[in-house]
Structures are given as structure tokens and as C-alpha cells.
There are 2 protein chains.
Amino acid sequence: MYDVFQQYLDNKISLSDAQKERIRSLGVIKKLRKKQYLLQEGDIWKYDAFVVKGCVRNYSVDEKGNEHIIGFSIENWWAGDRESLLSGAPSRFNIDAIEDSAIVLFTHENFELICQEIPPFKDMVNSILQASFIASQNRIQVSLSNTAEEKYLAFLKKYPGFVNRIPQSMIASYLGMTPETLSRIRTQTIRK
Amino acid sequence: MYDVFQQYLDNKISLSDAQKERIRSLGVIKKLRKKQYLLQEGDIWKYDAFVVKGCVRNYSVDEKGNEHIIGFSIENWWAGDRESLLSGAPSRFNIDAIEDSAIVLFTHENFELICQEIPPFKDMVNSILQASFIASQNRIQVSLSNTAEEKYLAFLKKYPGFVNRIPQSMIASYLGMTPETLSRIRTQTIRK
DNA sequence: TGAAGGTCTTGATTTATATCAATTATTTTC
DNA sequence: GAAAATAATTGATATAAATCAAGACCTTCA
């Protein structure tokens with residue numbers, strides 16, 4: 001399980017065996033069954049988490065009880081609530097597993113330790129953050145400029161692996177439309 | 001002009017006089033007249049830029065010629081296109097001045113130099129990036145969960161200083177609605 | 001100071017998407 | 001492997017917001 005994370009690291013930075021061992025010793029594997037929460041609204045998030053297997057979603061629930069999906073994390077992506085982590089405030093989000101999943105969990109303290117001890121690790125983290133910010137800005141741009149259909153097509157293009165894995169209703173939520181609308185778009189698009 | 005940036009730095013990190021001088025020596029003040037471009041679509045963005053006076057907007061233009069505002073930067077905020085900066089690809093965005101403005105400009109090379117020479121500066125940059133990412137995620141959450149009116153009210157609350165400064169049509173664009181819709185929302189809201 | 005060019009408002013109409021509701025598929029689970 | 005639960009489709013209708021259009025209200029700069 002852990003070797004998925006190890007391979008990810010190997011792809012990004014070079015580490016000595018001692019460093020690899022150090023990182024490994026500070027992380028813990030957490031398994032999640034489908035629908036199990038990793039984080040519930042109101043909890044304080046204190047970790048850095050890397051998905052090694054499966055898929056989790058990050059979502060908020062509004063007053064009407066509707067869920068709005070902020071993001072998905074599949075294997076080789078990070079997950080968590082940076083806002084709660086940074087501010088120490090209770091999270092406004094939920095994270096749960098869409099499939100049976102496995103996560104490498106670091107307490108934020110341990111994670112900071114690693115960052116201090118291994119500068120290239122810290123640099124990696126920062127460049128991930130850069131990329132995440134850019135992706136987030138792009139998502140905003142797409143959502144401002146496009147119709148429901150265009151948003152769906154852009155999603156397909158950007159995350160081709162997600163469509164056959166994530167329930168359609170969740171993709172609809174991620175795209176800011178109802179499941180009915182997405183369903184109609186799909187049948188129309190196929191017929192074109 | 002520059003002392004706005006100096007004060008910003010003083011609020012965030014402690015620097016020796018030599019370090020302050022070093023930073024200052026690597027930056028350049030650029031003045032922008034209203035409507036003047038800081039970046040045009042197709043250009044490659046190679047800077048780090050801090051607004052010391054005025055206000056700029058970052059926007060994309062779609063095939064129909066409609067502008068979609070990604071963000072505003074007023075004094076004490078950073079501006080630029082991180083995607084183009086990082087990837088080296090031509091920018092898909094435009095940045096121009098909404099008011100007569102002034103910017104402290106660092107070439108990205110110089111900026112990296114500063115980051116290397118002054119670790120607390122680098123840490124500051126990273127924590128800004130964190131905050132930007134969080135803000136961006138929150139904007140996505142708001143845009144998924146709320147009606148046009150709620151989005152406007154959330155905007156008012158989050159950026160009270162912007163409303164009397166930025167043309168309403170641009171705020172509408174930022175919020176993903178037409179100027180007519182925003183105008184109606186405002187008159188309705190006032191009458192409540 | 002007074003055109004000229006923007007910007008905001010207001011009204012009438014259209015349109016994309018949401019909502020409500022029923023039916024059919026597809027998974028889960030015992 | 002049948003029953004139950006969940007997800008996706010399809011149709012009818014409602015609604016929020018867009019579009020089109022005209023007039024009012026400002027700036028600004030010649």
C-alpha cells in the first residue's frame with residue numbers, strides 16, 4: 001500500500017534510504033471503507049493525507065441538505081482541509097470515501113518535521129500547492145465562462161479517468177448542476 | 001510608493017536593513033494608467049508583482065468577446081498569472097488597471113534570488129500561496145452553493161472595500177452574472 | 001460647457017437549468 | 001438470486017437569470 005506513495009515521491013525528488021525510512025516511519029496507513037468519513041463537518045483537520053488507493057470526495061452541505069462537491073482525490077493525490085489545518089477552526093467540509101480507499105496519514109506536526117528535515121520535500125509540497133492553486137483558478141475560469149455542457153466536456157477532457165469511476169450525480173454536483181441536467185447533457189452529447 | 005510594499009513586508013517578517021535594501025534594489029516601480037495593460041493574452045508572464053496603489057483586474061475573454069473576471073488586486077495584494085509564470089506558456093488572461101495604479105515588479109529570476117537569500121521571505125510567499133489557495137476553494141464553494149443574491153452578499157461581506165471602487169459590471173462578471181442581474185439584485189436588496 | 005462615451009437602471013421577453021414526479025437501470029445486501 | 005436500496009433517465013412544468021432594448025445618469029476631456 002505504502003509503496004504507491006513511495007513511488008510518487010521517487011518521481012518527484014531523490015531521497016536517501018534513511019530519508020525514505022524517516023518519512024515512512026512518520027506516516028500511518030488508514031483504510032477507509034466506502035462511505036466512511038475521513039473528516040466530518042465540525043471536526044478540526046490536523047493532518048496531511050495522501051490517497052494511495054480508491055477515491056475520496058470533499059464536499060459541503062448547505063442549509064437545505066444539498067451536497068456540493070468541492071473536489072475529488074484519487075490515488076496519487078492529496079486530500080484534506082487546508083483551511084481548518086491552517087486556522088485551527090472546525091471544518092465546514094466533509095470528506096468521505098467513494099470507494100474502499102487507503103490513505104497515508106501524517107499528523108501535521110510530523111509533516112512539518114519532514115519538511116524541516118528534508119528541504120526538497122518541502123519544495124515538492126510547495127510546488128504541489130502552486131499547481132493546486134492554478135488548477136483552482138482554472139476551475140473558476142471554466143465555471144464563469146461556460147455553459148453546463150461545455151463544463152462537462154472540459155471535465156471529461158481534464159479528468160478522463162474520473163467519469164467511469166465517480167457516480168454521475170457527484171460529477172453533476174462538482175460541476176454545479178443537477179443530476180438531471182447532466183443526464184440530459186450526456187444523452188444529447190452522445191447523439192451528436 | 002515603494003514604502004507601501006516595505007510596510008507590508010515589515011508586517012509579515014523581520015528583515016535587516018541590508019536585506020530590505022537588497023529586496024528594494026531588485027524591484028522596479030511600474031506605473032499604470034487606468035485601462036493600461038500589465039499583461040495581455042498571449043504574452044508570457046515572467047514577474048512577481050505587488051500592487052502598491054490602485055487596482056488591477058485579471059480576466060479572460062471568451063469567443064463571443066465577453067470578459068470574465070478571475071480576480072481583482074488592490075494595494076497590498078499580489079497580481080500576475082502564476083500559470084504562465086510556471087509553465088512558460090503564453091497567458092490566457094489579461095491584466096489591466098481599473099484605476100491609475102502602481103506596481104512593484106520583480107522579474108521572477110530576481111524574485112527567486114530573494115527567496116533563496118532570505119528564507120523568511122520564501123516562507124512568507126508560501127503562506128500567501130496557502131491563503132490564496134484557500135480563498136480560491138472558498139470561492140468555488142460559494143459559487144456552487146448560492147444564488148446570485150447570496151453570492152453578491154457574500155462578496156460584500158468579504159470585500160467591503162471593493163464595492164465603491166470597482167464598476168458594478170465588473171463585480172457582476174466576477175460573480176458570474178450579468179450586469180442587469182446584479183443591478184436588479186441591488187435595488188431589491190436595498191428595498192428589503 | 002457641452003458633446004461623447006460609458007455605466008447603471010428598468011422593462012419585456014426568451015432561455016437554460018432547476019424542480020417535481022414517475023419509470024427504468026443498476027448496485028447492494030441478506 | 002430475489003428484495004431492497006440507490007442511481008440514472010425521461011417528461012412536464014416552473015423559475016432564475018440571460019438577452020434584447022431603451023432611457024437615465026454620470027464622467028471626462030476638447
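Residue numbers start from 1 in every chain, and the chains themselves are labelled A, B, ... in the order their sequence lines are given, proteins ahead of strands.
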Using ring centroids (six-membered ring only for Trp), state whether A/Trp78 and B/Phe133 fall under 6.0 Å. no
Whether B/Tyr174 and B/Tyr159 hold their rings parallel, tilted or perpendicular, with breakpoints at 30° and 60°: perpendicular
Indicate for each nucleotide in nucleotides 15-30 of chain C, in 5' to 3' sequence, whether protein heavy atoms under 4.0 Å reach the base (B), only the sugar-phosphate (S), or nothing (-). --SSBBB------S--
Within this structure, what is the CD1-to-C1' distance between A/Ile171 and D/dA7, rounded to whole angstrom? 13 Å
Counting the benzene-type ring for Trp, do B/Tyr2 and B/Phe5 have ring centres under 6.0 Å apart? yes
B/Gln168 has an atom CD; how far is it from atom P of D/dA24, in whole Å? 19 Å
Verify whether one side chain among B/Gln6 and B/Arg24 offers a donor that lies under 3.5 Å from an acceptor in the other. no
Polar side chain donor-acceptor pair, A/Arg92 to B/Gln141, under 3.5 angstrom: yes
Considering just the side-chain nitrogens and oxygens of A/Arg186, establish if one lies under 4.0 Å of OP1 or OP2 belonging to D/dA8. no
Spacing of B/Glu99 atom CD relative to C/dT7 atom P, expressed in whole Å: 14 Å
Does a side chain donor of either A/Asp62 or B/Ser145 reach within less than 3.5 Å of an acceptor in the other side chain? no
Any A/Thr187 side-chain N or O less than 4.0 Å from OP1/OP2 of D/dT9: no
